Q: 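Please find one structure pasted underneath; my questions will follow.
So you know, we letter chains A, B, ... as the sequences are listed, proteins then strands, and number each from 1. The figures here come from the full heavy-atom set of this structure, side chains too, leaving out hydrogens, waters and symmetry mates. Just so it is clear, the model here is predicted, and its values are computed rather than measured.
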2 protein chains.
Amino acid sequence: MSAIADVARLAGVAKATASRALSGRGYVSEATRLRVVAAAREIGYVASPNAASLVTGRTKNVGVIIPFISRWFFSEVLESLEQALLAEGYDMTLYNLPAASAERDSVFEYFLARKRFDGVISVGVALSEAEVDRLHRLGRPLIGIGGPIRDVHTIAIDDVATARLATEHLLGLGHVDVVHVGGDPIDEMDFRVHSQRLSGFYSAMRDAGRSTDRCFYPCEFSMPGGYEVGLSVLGDPRTRPTAIFAASDEIAIGVIVAARELGIQVPAELSVIGIDGHPYADMFRLTTLEQHPRRQGHLAVSALLTELARPTDADARPEEDGYLTVLPTNLVIRSSTSGPHRPRR
Amino acid sequence: MSAIADVARLAGVAKATASRALSGRGYVSEATRLRVVAAAREIGYVASPNAASLVTGRTKNVGVIIPFISRWFFSEVLESLEQALLAEGYDMTLYNLPAASAERDSVFEYFLARKRFDGVISVGVALSEAEVDRLHRLGRPLIGIGGPIRDVHTIAIDDVATARLATEHLLGLGHVDVVHVGGDPIDEMDFRVHSQRLSGFYSAMRDAGRSTDRCFYPCEFSMPGGYEVGLSVLGDPRTRPTAIFAASDEIAIGVIVAARELGIQVPAELSVIGIDGHPYADMFRLTTLEQHPRRQGHLAVSALLTELARPTDADARPEEDGYLTVLPTNLVIRSSTSGPHRPRR
DNA sequence: CTTTCTGCTGGAACCGGTTCCAGTATCGTC
DNA sequence: GACGATACTGGAACCGGTTCCAGCAGAAAG
């Protein structure tokens with residue numbers, strides 16, 4: 001284990017000088033700098049980050065808390081976060097936050113309390129008031145992705161508006177019996193995603209003068225979830241809707257698979273639209289509103305770096321503005337949507 | 001920032017005593033222990049892990065290197081690793097290792113060299129000889145998942161045997177024209193997964209006396225990949241096989257979707273089998289060989305903990321045995337496979 | 001020729017814990 | 001009553017860096 005003292009000895013300088021030479025802070029003559037660097041290379045010296053962060057207080061590490069890893073949106077965000085942080089010399093500690101449980105508490109009380117990071121990025125976690133307080137008390141910059149957190153700069157899409165857009169696309173094609181299949185607001189998995197997409201749907205329907213009775217079917221937020229509900233919603237030809245707005249592409253694809261199994265032509269007999277921009281969308285020719293998780297990840301990292309560069313906490317934040325960065329979604333029309341072909345009563 | 005010195009002062013003891021009381025190592029009377037704990041709680045003391053690991057050398061952190069995050073197998077493993085580590089009081093630093101590139105080198109030279117972890121788990125990474133050396137030189141325990149690494153305890157399934165089993169299932173049903181759709185061994189993504197599953201297939205075919213000409217179709221290792229190849233392999237009725245062994249469930253599902261679009265009945269006209277135990281398998285009624293990524297993750301963690309508990313590195317390892325833990329896969333028969341119903345020439 | 005500034009270097013303190021070692025009190029044993 | 005073992009406590013060294021401060025050149029300014 002070579003320490004900086006060894007490097008200093010080999011280079012014939014003091015520890016202080018060696019430290020300055022290697023970190024690049026403070027005065028060091030070019031000649032000695034080269035000597036120190038050479039010595040360091042010779043013995044394969046790598047600075048101990050523990051010792052450094054003990055005195056500087058910065059760890060070059062970012063904590064990420066996230067409720068799921070294996071779902072598309074989350075794994076995409078995670079990958080982009082990791083890339084962006086790596087490029088900036090930060091490594092990433094991952095905290096997979098389960099629903100309310102002893103493990104969840106331990107993340108807050110034990111792991112996060114250790115403060116082994118310079119900042120935290122919270123991805124789509126539904127935080128309780130107490131949890132938000134705890135995060136703030138850590139005294140570290142905090143950035144959110146996927147839904148607003150009190151007093152935290154958050155990167156997100158506008159779920160209400162996006163759901164509204166999706167619904168309006170179907171209504172604009174002339175559909176009357178439009179149905180929404182999505183996550184149940186009761187067991188809100190992360191943010192207000194379920195309820196917000198639902199409310200965007202409802203408001204678009206109301207604005208178009210449509211009834212909102214019996215047109216929401218909750219399902220598990222996955223492809224099998226959409227499939228299952230799809231089978232039951234589409235099973236009865238008499239009550240079958242002509243268009244379905246699914247809260248996610250995976251749900252939408254589940255619905256399409258169900259429709260195909262039931263012999264229902266998409267889009268001739270049924271239009272389906274989703275939200276996400278999932279890589280499978282193309283293969284199922286799914287019309288969707290693309291959000292861009294990787295872009296959200298990159299933005300979150302640069303927002304965090306900005307906060308980290310801010311000289312002191314006491315420094316007034318720039319006018320509370322820019323606190324919610326809303327990213328646009330874009331409509332990609334494929335052939336899962338068209339006007340209703342069946343005559344309606 | 002409350003330090004242990006503050007706790008000691010408040011409890012009226014020395015730093016040393018406070019440390020012993022809180023860590024539970026060494027003699028402390030019950031009375032003072034309680035006093036110290038109370039004092040610590042009062043001022044909300046949390047030990048600085050940096051300071052602790054500076055002197056003890058252990059970080060209570062485990063590094064995980066992984067080539068993908070968003071693919072099913074990897075995200076499942078990751079989730080299980082995180083859970084298991086958390087339960088043991090370890091947090092997890094994630095290094096998403098891209099294919100050979102400057103970023104990849106930086107992970108080894110910069111991030112891993114910092115040694116901010118007690119051990120490393122490598123998940124399905126194809127490591128070069130030089131990289132394996134570098135990992136060993138870190139002087140930290142190393143566990144592999146998904147493929148053998150030189151001198152490293154690895155948890156894996158037997159890809160050759162599993163592929164053989166899948167193929168034999170199809171052959172056993174009486175299929176003659178059996179085809180394998182899988183990853184291209186040329187751009188091996190992680191371990192020898194592609195080539196091993198291919199060779200298991202070939203050997204089963206040869207053992208059954210079947211020709212192995214023109215019966216392997218490489219594709220991207222994903223559902224769209226399987227779909228695309230499925231369309232082309234199944235497109236021509238004259239050359240269409242009666243059974244397909246797909247290297248993964250996602251590929252298999254892609255093939256099934258392609259078959260359905262082409263109006264080919266599964267399993268009446270085409271049997272399909274996959275490998276994985278993907279959550280979508282049920283909904284597509286896919287026969288598959290289940291591997292259990294979560295179990296692999298848990299085993300890797302306990303193997304790592306065992307290594308960490310080993311007193312010294314100099315200590316002889318237990319006879320090199322148990323160095324490869326091979327996990328069984330189990331056949332789950334659903335209705336994507338059956339005997340060939342079409343008369344054969 | 002002094003004074004001041006700038007560039008550079010080394011000694012020492014410090015970050016916040018852990019652990020070694022010495023010292024004391026209590027207890028059981030011969 | 002002497003002795004050793006056992007339970008407990010505090011002082012001090014230490015882990016491996018960073019940073020403050022003082023000191024000392026040599027150059028520029030007065």
Q: Is there a side-chain contact between B/Ile157 and B/Gln296 (heavy atoms, below 4.5 Å)?
A: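 They are in contact (side-chain heavy atoms under 4.5 Å apart), so the answer is yes.
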Q: Once you round it to whole Å, what is the distance between P of C/dG11 and NZ of A/Lys15?
A: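 Atom-to-atom, A/Lys15 to C/dG11, this comes out as 11 Å.
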Q: Looking only at side-chain atoms of B/Val13, point me to the closest of D/dG10, C/dG10, D/dG17.
A: D/dG10
Q: Look at the side chain of B/Arg140 and the backbone N and O of B/Phe117, then say whether any donor-acceptor pair between them is shorter than 3.5 Å.
A: yes
Q: Tell me which residues in residues 18-43 of chain B lie within less than 4.0 Å of DNA chain C, going by non-hydrogen atoms.
A: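 Those residues whose heavy atoms fall under 4.0 Å from DNA chain C, taken from residues 18-43 of chain B in numerical order, are B/Ser19, B/Arg20, B/Arg25.
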Q: Do A/Leu135 and A/Ile149 have side chains that approach each other closer than 4.5 Å (heavy atoms only, starting at C-beta)?
A: no
Q: Test your reading of the model: is there a side-chain donor-acceptor pair from A/Asn61 to the backbone of A/Arg116, 3.5 Å cut-off?
A: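 Yes, A/Asn61 side chain to A/Arg116 backbone: donor-acceptor pair under 3.5 Å.
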Q: Between A/Tyr45 and D/dG17, is there a contact of a side-chain N or O with OP1 or OP2 at under 4.0 Å?
A: yes
Q: Could you give the distance from CG (A/Leu22) to CZ (A/Arg33), rounded to the nearest 0.5 Å?
A: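 Answer rounded to 0.5 Å: 9.0 Å.
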Q: Nearest-Å distance, CG (B/Asn50) to P (C/dG16)?
A: 10 Å
Q: I need the residues from residues 53-62 of chain A with at least one non-hydrogen atom less than 4.0 Å from DNA chain D; give them sorted by number, or say none.
A: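 Contacts with DNA chain D under 4.0 Å: A/Leu54, A/Val55, A/Thr56.
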Q: Looking at B/Ala102, is its backbone amide N or carbonyl O close enough to the side chain of B/Asp105 to form a donor-acceptor pair, meaning the two atoms are under 3.5 Å apart?
A: no
Q: According to a strict under-4.0 Å criterion, is A/Thr17 in side-chain N/O contact with OP1 or OP2 of C/dG10?
A: yes
Q: Could you tell me the separation between the CZ atom of A/Arg9 and the C1' atom of C/dG11, rounded to a whole number of Å?
A: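 In whole Å, C/dG11 C1' lies 16 Å from A/Arg9 CZ.
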Q: Return yes if some donor-acceptor pair links the side-chain N/O of A/Thr306 with the main-chain N/O of A/Ser302 below 3.5 Å, else return no.
A: yes
Q: When you get a sec, tell me which of D/dT19, C/dG17, D/dA12 is the closest nucleotide to the side chain of A/Ala16?
A: D/dT19
Q: Determine, step by step, whether A/Glu131 and A/Arg134 satisfy the salt bridge (charged side-chain N to carboxylate O under 4.0 Å, His left out) criterion, reporting the C-alpha distance in whole Å, the side-chain angles of both residues, the deciding distance to 0.1 Å, and the verdict.
A: CA-CA 5 Å; A/Glu131 288 169 347; A/Arg134 274 209 271 224; 5.5 Å; no
